[in-house]
Amino acid sequence: MNKDDHHHQHPPPSMEEEEQMQELRLKASELLLREEWHDSVQVYTQFITLCRSHIEKHPPPLCNSPHLTKIQRSLCLGLSNRAEAHFRLRDPDKALRDCNQALEIEPTHYKSLLGKGRILFALNRYSAALLCFKSALLEDPQSNETLNGYIEKCKKLESLSRTGAFDLTDWVLNGFRGKTPELAEYVGAVKIKRSEELSGRGLFATKNMDAGTLVLVTRAIATERCILSNEEEDSAENAQLVMWKSFIDQVSDSAAKCTWIRRLISTLSPGDDEASLEIPETELFKRELTEECGESEPDLSSDDLLNILDVNSLVEDSVSAKVLGKNSDYYGVGLWVLASFINHSCIPNSRRLHVGDYVMVHLSKDVKAGEELTFSYFDVLLPLEKRKEMSQTWGFSCHCRRCRFEEGFWADKQELKEIEMMGLGKGKGMVDFGGVIFRIEEAMKRWNVRGREKGYLRASFWGVYEDGYASVKRWGRRIPASDVVVESVAEAVGSDERLLKVLMRDMTNKSGVLEIERAMKLGKGVYGKVVKKKSLRSLIGVEIQEQKVY
């Protein structure tokens with residue numbers, strides 16, 4: 001084929017087509033610069049359609065010409081720019097599709113490589129993003145400052161998603177000021193299985209792990225937050241309703257735009273027929289390992305979505321959660337899919353740290369391989385009847401070992417009910433807490449309550465012990481030392497900030513290695529190992545000499 005034949009097979013656009021393309025290109029570019037994303041998508045779509053129409057009428061030659069036609073280059077850039085607008089509209093599926101189509105036209109197109117890398121990075125697919133950034137750097141070495149920043153972040157976050165070696169020390173020591181730490185999604189030694197003891201499906205440990213071990217880091221599909229301080233009850237309720245509606249809209253929008261998110265949400269329980277639900281593999285939740293989704297993804301009706309959110313959303317003011325770096329009056333709700341598989345228990349072994357839009361799940365006490373991980377959805381340092389009331393507001397009944405034990409134990413123990421009325425009723429200023437603690441402890445001796453079960457009952461009367469150790473003077477050795485009770489309760493229901501507070505208050509006159517070790521272990525259970533020794537000392541207020549106790 002000679003040169004003249006080549007040109008005959010590729011007639012340029014007509015004057016009218018050329019003018020129309022130029023007009024659309026300029027209008028779309030202006031809208032993109034003005035960050036009018038919806039409108040820019042519409043105009044770029046018209047431009048892309050016009051380019052494709054011309055190419056269909058005049059297909060490229062089947063020769064080995066290394067040169068793209070002007071129309072092909074324009075189409076490539078139009079797809080790349082529309083991908084940017086889709087990305088800004090939080091529509092990753094369409095953004096990736098446009099980038100891939102642009103790269104089919106020109107595999108080394110810098111802007112498309114950079115755009116695809118940024119989309120994959122936002123989706124926590126660090127290895128795939130890294131390849132894009134490296135390819136872009138080869139095409140434009142002059143942009144090494146921007147790209148090297150992305151490349152280093154990809155390497156760091158890919159390592160974190162693989163190892164779980166997170167460290168929040170500097171941020172914590174800085175009083176949670178400054179930029180929130182950059183986190184990656186991580187799935188540790190856990191898997192989803194049928195829950196024999198509790199209900200439905202649950203998350204289980206696949207190896208022995210000690211308190212503080214990080215088992216999961218995941219980013220929310222969506223979150224919604226507000227400050228409820230100084231609000232009247234009705235106003236606060238209205239604020240929560242507005243927040244909930246906005247949250248539902250966010251999740252619905254994300255599910256509509258991203259097939260991977262839709263697939264994840266569809267694994268969750270809508271609240272009934274648990275036995276028929278499949279057991280998803282944990283690999284599904286490792287975004288780094290997933291490929292781009294195809295078109296044949298599960299449908300998710302509005303009713304299904306509402307039921308799923310009602311059952312699986314987590315609130316950030318839960319007693320099993322610590323929201324780091326936020327106002328104490330702050331209230332939030334979010335959907336963290338894999339964390340939603342963790343069931344409630346009144347003897348929980350896990351806690352959550354909320355950092356930005358991420359939730360970090362760590363163990364609050366030691367667990368063994370095969371043991372189910374559990375949260376407390378409500379305050380478990382309460383008596384049985386109060387816990388029953390709380391569980392009913394959540395729409396379930398708890399049948400954990402502690403509840404089963406207490407159901408049978410309280411049935412014929414009228415004295416326990418009298419003690420509860422004495423110690424946990426109104427008029428605390430008139431209560432002799434030392435006397436109530438003494439009665440509880442003596443009753444447990446008579447009834448031969450031992451070991452873990454003693455911790456269960458002490459946890460149920462924690463309010464008495466907490467107030468008692470703040471005020472008891474004359475009872476002395478007639479009641480157990482506070483550290484003994486704290487250790488007993490922590491072994492039964494896991495670490496809790498209130499346990500740590502009592503322990504630290506009574507450590508003022510103690511500074512031995514044993515006491516420090518006990519405080520640091522409890523602190524690890526509350527904050528996790530992502531908070532290292534120095535910042536943990538700062539959080540729990542321990543002035544410790546440089547001793548190897550952590």
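For reference, positions follow the sequence shown, starting with 1. We use all heavy atoms of the structure for the numbers below, so side chains are in, but hydrogens, waters and symmetry mates are not.
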* Do the side chains of Met520 and Lys533 get nearer than 4.5 Å, heavy atoms only? -> yes
* Can any side-chain N or O of Ser340 pair as donor or acceptor with the backbone N or O of Asn312 at less than 3.5 Å? -> yes
* Of Val361, Asn124, Leu214, Leu160, which is the lone residue that meets side chain to side chain contact (heavy atoms under 4.5 Å, CB included) with Tyr186? -> Leu214
* Flag this pair as yes if the NZ/CZ of Arg118 is under 6.0 angstrom from the six-membered ring centre of Tyr150 and inside a 45 degree cone about the axis; otherwise no. => no
* Would you call the rings of Trp244 and Phe247 parallel, tilted or perpendicular if under 30° counts as parallel and over 60° as perpendicular? -> tilted
* **Pair Lys257 + Asp253: basic N to acidic O under 4.0 Å** => yes
* Would you indicate whether Arg194, at its atom CZ, is surrounded by more than 12 heavy atoms from other residues, nucleotides or ligands within a distance under 6.0 Å? => yes
* Is it true that the NZ or CZ of Lys193 lies under 6.0 Å from the centre of Phe204's six-membered ring and within 45 degrees of the ring axis? -> yes
* Asked: Got a salt bridge between Asp249 and Lys245, using NZ or NE/NH1/NH2 to carboxylate O under 4.0 Å?
  -> yes
* Got a donor-acceptor contact below 3.5 angstrom from the Thr169 side chain to the Lys532 backbone? -> yes
* Asked: What orientation do His344 and Phe396 show, parallel under 30°, tilted 30 to 60°, or perpendicular over 60°?
  -> tilted
* Quickly, which of Lys529, Lys365, Lys368 forms a salt bridge (charged side-chain N to carboxylate O under 4.0 Å, His left out) with Asp210? Name it, please. => Lys529
* **Lys/Arg N to Asp/Glu carboxylate O, Asp357 vs Arg225, below 4.0 Å** => yes
* In plain terms, say whether Arg52 and Glu56 are close enough for a salt bridge, that is, a side-chain N and a carboxylate O under 4.0 Å apart. => no
* Distance-only, no hydrogens or angles: does the Asp39 side chain make a donor-acceptor pair with backbone N or O of Leu31 under 3.5 Å? -> no
* Salt bridge present between Arg34 and Glu30 (N-O < 4.0 angstrom) -> yes
* Asked: Does CD in Glu36 sit with more than 12 non-hydrogen atoms of other residues, nucleotides or ligands closer than 6.0 Å?
  -> yes
* Considering the options Leu216, Thr218, Ile192, Val190, which one meets the side chain to side chain contact (heavy atoms under 4.5 Å, CB included) requirement together with Phe285? -> Ile192
* Asked: Do the charged groups of Arg88 and Glu84 touch, with an N to O distance under 4.0 Å?
  -> yes
* Given the rule in the side chain to side chain donor-acceptor pair (under 3.5 Å) test, do Glu497 and Tyr527 qualify, once you have shown the distances and angles that lead to the verdict? -> CA-CA 9 Å; Glu497 282 183 285; Tyr527 294 100; 3.1 Å; yes
